[in-house]
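To keep things clear, I will list the structure first and then write my remarks on it.
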There are 2 protein chains.
Amino acid sequence: MLERTHLTVVQAVDEHGSLTAAAKELCVTQSALSHTMRKLEDNLGTPIWLREGRSLRLTQAGQYLLSIANRVLPQLHYAENKLHQMAKGELGTLRIGMECHPCYQWLLKVVSPFLEAWPNVDVDVKQKFQFGGVGALLSYEIDLLVTPDPFYKSGLSFEPVFDYEQVLIVPNDHTLATRKYINAADLRDQVLLTYPVEPDRLDIYTQFLNPAGVIPKRHKTSETTDIMLQMVASGRGVAALPRWLAEEYCRKFPLSVVRLGKSGIDKQIYLGTRETDNDVEYLKAFIELARSYKHQRANKESLTDKKN
Amino acid sequence: MLERTHLTVVQAVDEHGSLTAAAKELCVTQSALSHTMRKLEDNLGTPIWLREGRSLRLTQAGQYLLSIANRVLPQLHYAENKLHQMAKGELGTLRIGMECHPCYQWLLKVVSPFLEAWPNVDVDVKQKFQFGGVGALLSYEIDLLVTPDPFYKSGLSFEPVFDYEQVLIVPNDHTLATRKYINAADLRDQVLLTYPVEPDRLDIYTQFLNPAGVIPKRHKTSETTDIMLQMVASGRGVAALPRWLAEEYCRKFPLSVVRLGKSGIDKQIYLGTRETDNDVEYLKAFIELARSYKHQRANKESLTDKKN
DNA sequence: ACCTATCGATTAATTTTATTCATAGATAGT
DNA sequence: ACTATCTATGAATAAAATTAATCGATAGGT
């Protein structure tokens, strides 16, 4: 009943001084505005303007209506703008879900250039999902899943964006420190430090220890990578980490990296999305950024390899 | 482009769970809503809902739109309500203009019962007018003029609401205190206290002193009635006031009232309004209240007279 | 595994609404 | 007094919203 047009007309008349001028501004005839506002006045039961000769003077109701127009119209304009930006995929919230700890370390590297490139897009990172990461993706709890386990299913698409080797990290003076690689049996009398998750979600168990039927001497957990590696550095145990991350810590602490098994444990990080989101610009951009980060790192690593 | 309907529909769908339910609520067909929202989605370039089987799920844009709806719609509802109240004359601001000091004293008496009776109507009192009180009335600066000088002109109507006698107030021990009435010449050697306005707007000059060609010994001014009468009480001069006001002060201070001239100076207070405002309920109510106050006071006075 | 009820989308027809056109009435300025 | 410039108005027209009828999809019951 009180429509946006009415507010627009009141505002335009106030700004341009007359119905005629307002009509020109709004690209309609003066008659149209006259009819429109007359109808509103009839509905409200009060005039908006007093007609004095050939000019209009706002009544009290009209003044109030003008104040409403000046308050509400900007809100609508702003909303329209935002919606258009959202439509163009320039604005929104990228809700990222994660299913592994190494993913988190990797994610931190990619998120910051993304935030810079897309100042109007927020990033939300979630880690707990009632029905798993894929469930969260399918139920629109998240828009992007970072996971080591692609789960091919219609409606979803997964893409590997990062390859890494899972390695053992030990103190420099550890008996295993100089080994080219270790076997599962070598961990039988070691204390193993991991993140506090179930062993069947830890690659070192599923891909290394379990197949060989080996159980380490003890298993301790640590929430954070820093604490974990400080414990490793002080000889309290050994830990498994992505090589790129382990090497970073080798610079900070007296630690060494050892391959797990003769050919190593190779892992990938995948990004999962809904196919319905294929045209969301900032999502595509994030994946592109993730891809380029992978290559950049690959180049770096080959350089380091040569140095060694 | 982003219309009120769109907001209403988004809100209704959120509240009732489906387009169909929302349509029933809004008393239109489901088809109508489907068309309306489809058009909006086309305009924005982004869907508001994801169609999943037979249910709708808000997109990010949709969630934003819903938040806008929840913010903006109440504003419009509230505005509509207020406008309807204004239309019924139950709401507004009564802007009162005043042209004389006694008017102000009288006004105070009438305004408070009015404010009680019309809790939704505000009262604004103004005293300075570039083009006089009538000008202020005609230019919609005020809605009601309280004045001793009716100015009959087409478009305006004046109504007397209060009769009073302008009297001289003197200290109890003053030489004039016991006189039945005084002549202009009696003020020749008195100090006259008045409000600080031009003498041609003071009745004691225009209707009493000037006709007799008398000028008082001295003329002092005071902004407030209280101070003025304290000065009178301490023998610094004499003042002219409406009788009803003077008698009130006689109870507080040792003061006496003396008639000005043999038959006294009779004055009226008029209320002036624009004829276009004839159907403004609260304006009519104010005038009615003013009238009733006049009668009430008249009765009181006649009672006091009998006692004396 | 098959009905059935229900949901949203769609097309064409229809109704309602908004807008224009043409013109009258009023008025401020020259 | 004349003219230009307002707003209002009624009828005609254009545009938009709404409906009716129907389709395809799907969740839930049997």
Side-chain angles (χ1 to χ4, degrees), chain A residues 1-59 61-62 65-66 138-140 154-155 275-276, chain B residues 1-59 61-62 65-66 138-140 154-155 275-276:
Chain A
M1 181 162 152
L2 178 57
E3 297 298 331
R4 182 177 183 166
T5 3
H6 299 131
L7 301 182
T8 310
V9 174
V10 169
Q11 201 180 50
V13 168
D14 181 64
E15 193 175 340
H16 299 99
S18 72
L19 258 196
T20 308
K24 191 182 283 180
E25 190 69 18
L26 301 174
C27 300
V28 288
T29 59
Q30 167 270 326
S31 178
L33 300 194
S34 182
H35 282 298
T36 304
M37 297 311 288
R38 190 81 213 305
K39 221 164 291 173
L40 177 65
E41 290 181 324
D42 288 350
N43 275 325
L44 292 176
T46 178
I48 302 302
W49 293 287
L50 293 170
R51 279 71 173 175
E52 296 186 329
R54 62 188 198 187
S55 70
L56 302 174
R57 173 203 302 283
L58 284 171
T59 59
L65 192 61
L66 177 61
L138 285 169
S139 69
Y140 288 83
S154 76
E275 278 167 3
T276 53
Chain B
M1 182 163 152
L2 178 56
E3 296 298 330
R4 181 177 183 166
T5 351
H6 300 131
L7 302 182
T8 309
V9 173
V10 170
Q11 200 180 50
V13 168
D14 181 65
E15 193 175 341
H16 299 99
S18 72
L19 257 196
T20 310
K24 191 183 282 181
E25 190 68 19
L26 301 176
C27 300
V28 287
T29 59
Q30 169 268 325
S31 178
L33 299 194
S34 182
H35 281 299
T36 304
M37 297 310 289
R38 190 79 213 305
K39 222 163 292 174
L40 177 66
E41 290 181 323
D42 288 350
N43 274 324
L44 291 177
T46 178
I48 302 302
W49 293 286
L50 293 170
R51 280 71 173 175
E52 298 185 327
R54 62 186 197 188
S55 67
L56 302 175
R57 173 202 304 283
L58 283 172
T59 59
L65 192 60
L66 177 61
L138 285 169
S139 69
Y140 288 82
S154 76
E275 278 167 4
T276 53

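Naming: A, B, ... by sequence-line order, numbering from 1 per chain.
- A donor and an acceptor atom sit less than 3.5 Å apart, one in the side chain of B:Ser31 and one in the base of D:dA20.
- Atom CD of residue A:Glu15 and atom OG1 of residue A:Thr8 lie 11.5 Å apart, to the nearest 0.5 angstrom.
- The distance from atom NZ of A:Lys39 to atom CG of A:Asp42, rounded to the nearest 0.5 Å, is 9.5 Å.
- Fit an axis to the five pairs at each end of the helix from C:dA1-D:dT30 to C:dT30-D:dA1 and the two axes sit 30° apart, to the nearest 10 degrees.
- Atom CD of residue B:Glu3 and atom OG1 of residue A:Thr5 lie 5.5 Å apart, to the nearest 0.5 angstrom.
- Contact check of residues 46-53 of chain B against DNA chain D (heavy atom, cut-off under 4.0 Å) returns B:Gly53.
- The shortest distance between side-chain heavy atoms of B:Leu33 and B:Thr20 does not fall below 4.5 Å.
- Note: A:Arg57 CZ to A:Leu50 CG = 7.0 Å, rounded to the nearest 0.5 Å.
- Chain A approaches DNA chain C over the interval C:dA18 to C:dA28, counting the first and last nucleotide 5' to 3' with an atom under 4.0 Å from its heavy atoms.
- Between the NZ atom in A:Lys24 and the OG1 atom in A:Thr29 there is a gap of 13.0 Å [rounded to 0.5 Å].
- Using modelled atom types, one side-chain atom of A:Arg4 and one backbone atom of B:Leu2 make a donor-acceptor pair closer than 3.5 Å.
- Although no hydrogens or angles enter the test, the distance criterion places a donor-acceptor pair under 3.5 Å between the side chain of A:Thr59 and the main chain of A:Pro47.
- A distance-only check finds no donor-acceptor pair linking the side chain of B:His35 to the backbone of B:Ala32 [under 3.5 Å].
- For the pair B:Ile48 and B:Leu44, the minimum side-chain heavy-atom distance is below 4.5 Å.
- Put simply, the side chain of B:His16 never gets that close to the backbone of B:Val13: no donor and acceptor are under 3.5 Å apart.
- Closest of all the heavy-atom pairs between A:Ala12 and A:Leu26 is CB-CD1, 4.1 Å.
- Within residues 13-23 of chain B, the residues having any heavy atom under 4.0 Å from DNA chain C are, by residue number, B:Ser18, B:Leu19, B:Thr20.
- To the nearest 0.5 Å, atoms NE2 (B:His6) and CE (B:Met1) are separated by 9.0 Å.
- In this view, A:Arg51 and A:Glu41 satisfy the salt bridge (charged side-chain N to carboxylate O under 4.0 Å, His left out) rule, not counting sequence neighbours.
- Side chain of B:Glu25 to main chain of B:Ala23: no donor-acceptor pair is present (N/O by atom type, distance under 3.5 Å, no hydrogens or angles).
- Only A:Ala32, A:His35, A:Thr36, A:Lys39, listed by number, bring a heavy atom of residues 32-45 of chain A to less than 4.0 angstrom from any atom of DNA chain C.
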